[in-house]
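Let me begin by presenting the structure, written as structure tokens, before commenting on it.
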Amino acid sequence: MLGKRKHPIVLCSDGREAVEAADKENFHIVLMDCNMPIMDGWEATETIRAQAGINCKTPIIAVTANAMAGDKEKCLARGMSDYMSKPVNRTSLYAMIDKWAGKAHGAVEFSS
């Protein structure tokens, strides 16, 4: 979906890779899957924020199948900037990107 809007994309298969990518490359937005192997998205987000590196203030958007009461609050409390529940449709994804795009600087998608 993001490729159709010509956003640059970096895919990571787990949270550790997400942290490594965030340490090396400056992104406009991070789409973070919460339930990734090795290191989940919540821990990856906390690590990115704590490292005070180039992406410590980059908007991190939780993308998760968790849609229970309190899930959004959990994501925000762990350092994520916003929250999207799966399945994600094109319209809501583009709206979220547009909402946060001016708040930092390349789009990145982390997925499991």
Note to self: Within this structure, what is the CE-CG distance for the pair M80 and L31, rounded to the nearest 0.5 Å?
What the structure shows: 10.5 Å

Item checked: side chain to side chain contact (heavy atoms under 4.5 Å, CB included) partners of I38, counting only residues at least two apart -> D14, R16

Checklist line | Minimum-distance pair of heavy atoms, taken over all atoms of T58 and R49 | finding: O-NH1, 2.7 Å

Notebook entry, point to check: Taking all non-hydrogen atoms of both residues, which atom of A44 and which atom of M32 are closest, and how far apart?
Noted result: CB-CE, 4.0 Å

Check: At their closest point, which heavy atom of G15 faces which heavy atom of M36, and how far apart are they?
Finding: CA-CE, 3.6 Å

Note to self: Quick one, M96 and I29 - any side-chain contact, counting heavy atoms below 4.5 Å?
What the structure shows: no

Note to self: Within the structure provided, determine whether V63 and V88 are in side-chain contact (heavy-atom separation under 4.5 Å).
What the structure shows: yes

Item checked: Pairwise side-chain contact, T64 with Y83, heavy-atom cut-off 4.5 Å (strictly under) -> yes

Notebook entry, point to check: For the side chain of S81 and the backbone of I60, is there at least one donor-acceptor N/O pair under 3.5 Å apart?
Noted result: yes

Checklist line | Sequence-distant partners of E25, side chain to side chain contact (heavy atoms under 4.5 Å, CB included), two or more places apart | finding: V10, F27

Check: With a 4.5 Å heavy-atom cut-off, do N26 and N55 have their side chains touching?
Finding: yes

Next item on the list: Starting at CG of D71, measure out to CG of L76 and round the result to the nearest 0.5 Å.
Entry: 11.0 Å

Notebook entry, point to check: Who passes side-chain hydrogen bond (donor to acceptor under 3.5 Å, both in side chains) against D82, sequence neighbours left out?
Noted result: K99, W100

Next item on the list: Could you pull out all residues at least two apart from S85 that satisfy side-chain hydrogen bond (donor to acceptor under 3.5 Å, both in side chains)?
Entry: none

Note to self: Listing request: all side-chain hydrogen bond (donor to acceptor under 3.5 Å, both in side chains) pairs with a residue in residues 36-48, at least two apart in sequence or in separate chains.
What the structure shows: E46-R78

